[in-house]
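Note that ligands are numbered from 1 as they come in the structure, with each ligand's atoms numbered from 1 the same way.
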Amino acid sequence: MTKKLEKPLARQRALVTGGSSGIGAAIAKALAAAGAKVLVNYAGGKDRAEAVVAEIADDDGEAMAVRADISDEQQVRSMFETMLAAWDGIDILVNNSGLQRDAALVDMTVDDWDTVMGVNLRGQFLCTREAAREFLRQGINPKVSSAAGKILCISSVHDVIPWAGHVNYAASKGGVSLFMKSAAQELAPSRIRVNAISPGAIRTPINREVWEDPAGEADLLTLIPYGRIGEPSDIGKAAVWLASDQSDYVTGATLYVDGGMTLYPEFADNG
Ligand code: BGC
């Protein structure tokens, strides 16, 4: 009799910030399909979060939706308390929540700046700190994973590609890049892995205005050598790999999942 292959994230517990829509929802579903229990965090849109939880349950997975504004220290703490009370620990954190408040630099308000930094950067710090504290307390359980914990920071191609009209967003993602690497360096001796996924143009609500308009979509495609806009599931698959022991020797890395957007496509027939 052949032994049934265990799912790569069996017995693991994951928290996905901003798991109610777009890339976060796809990551939550992919981790659940790979065997993890998933806390689907949301800031607004309870119905959408509950729909993701229901979809996971329909697929024989386990999930729960928890509301928290991840830029708020107390709310992050109580979200982690809820998770630990329910599932007695955490194995995977996905820092996914992110937003854009676009404006020309000269018109950008302090609120535009602070809102983006608050969610995209401070939120990743607050959640990473709570998760790392818990990973250190738990230590390694070799029956679950070779690592004491895994953290995925969802960044963007705009952690290396400057983006006029979006200085707050690009600065936050540039910040995520060195936040991730510094945390990876600090936590590696404790066998906590920290990596980033930098998506390119993925079909989600954040850029709906661009891909819904045929001219906008055509323009966008000139920046993508692979010739298609990414789907949220493209990021979900990468997240499963980076959260699993298949990538056990990978830490401090950024995986660009972007159809070649970071390959300077405008140089293909120029320069
Ligand atoms: C942004 C999208 C944009 C993509 C490529 C992402 O980080 O959120 O709005 O389409 O980068 O520029």
Does Arg13 make a cation-pi contact with Trp87 (under 6.0 Å, within 45 degrees of the axis)?
-> no
What residue and atom, counting heavy atoms only, is the protein's closest point to [atom], and at what distance?
atom                    : value
atom 10 (O) of ligand 1 : Asn207 ND2, 3.3 Å
atom 1 (C) of ligand 1  : Gln100 OE1, 3.2 Å
atom 11 (O) of ligand 1 : His158 CD2, 3.3 Å
atom 6 (C) of ligand 1  : Tyr169 OH, 3.6 Å

Plane angle bin for His158 and Trp163 - parallel if under 30°, tilted between 30 and 60°, otherwise perpendicular |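 Ring orientation of Trp163 relative to His158: parallel.
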What is the ring orientation for Tyr264 with Phe267, classed by angle as parallel under 30°, tilted 30 to 60°, or perpendicular over 60°?
->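 Aromatic pair Tyr264/Phe267 classed perpendicular.
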Got a sec, which residues hit salt bridge (Lys or Arg N to Asp or Glu O under 4.0 Å) with Lys29, two or more places apart in sequence or on another chain?
-> Glu55
Residues in salt bridge (Lys or Arg N to Asp or Glu O under 4.0 Å) with Lys46, at least two apart?
->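 By the salt bridge (Lys or Arg N to Asp or Glu O under 4.0 Å) rule, Lys46 matches Glu50.
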Please state which part of Met261 comes within less than 4.0 Å of ligand 1, counting heavy atoms only: side chain, backbone, both or neither.
-> side chain
Minimal non-hydrogen separation, Thr254 against Met180, with atom names |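 Smallest interatomic distance, heavy atoms only, reads OG1-CE, 3.3 Å.
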Pick, from Gly22, Ser155, Ser198, Gly200, the option with the minimum heavy-atom distance to atom 4 (C) of ligand 1.
-> Gly200
Would you mind listing which atoms of ligand 1 come within a distance below 4.0 Å of any non-hydrogen atom of Ile206?
-> 8 (O), 9 (O)
Per-atom contacts, ligand 1 versus Ser156 - under 4.0 Å to a heavy atom = 6 (C), 7 (O), 11 (O)
Taking N or O atoms only and a 3.5 Å limit, does Trp163 qualify as a polar contact for ligand 1?
-> no
Counting only heavy atoms not in Glu186, do more than 12 fall under 6.0 Å of its CD?
->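 No.
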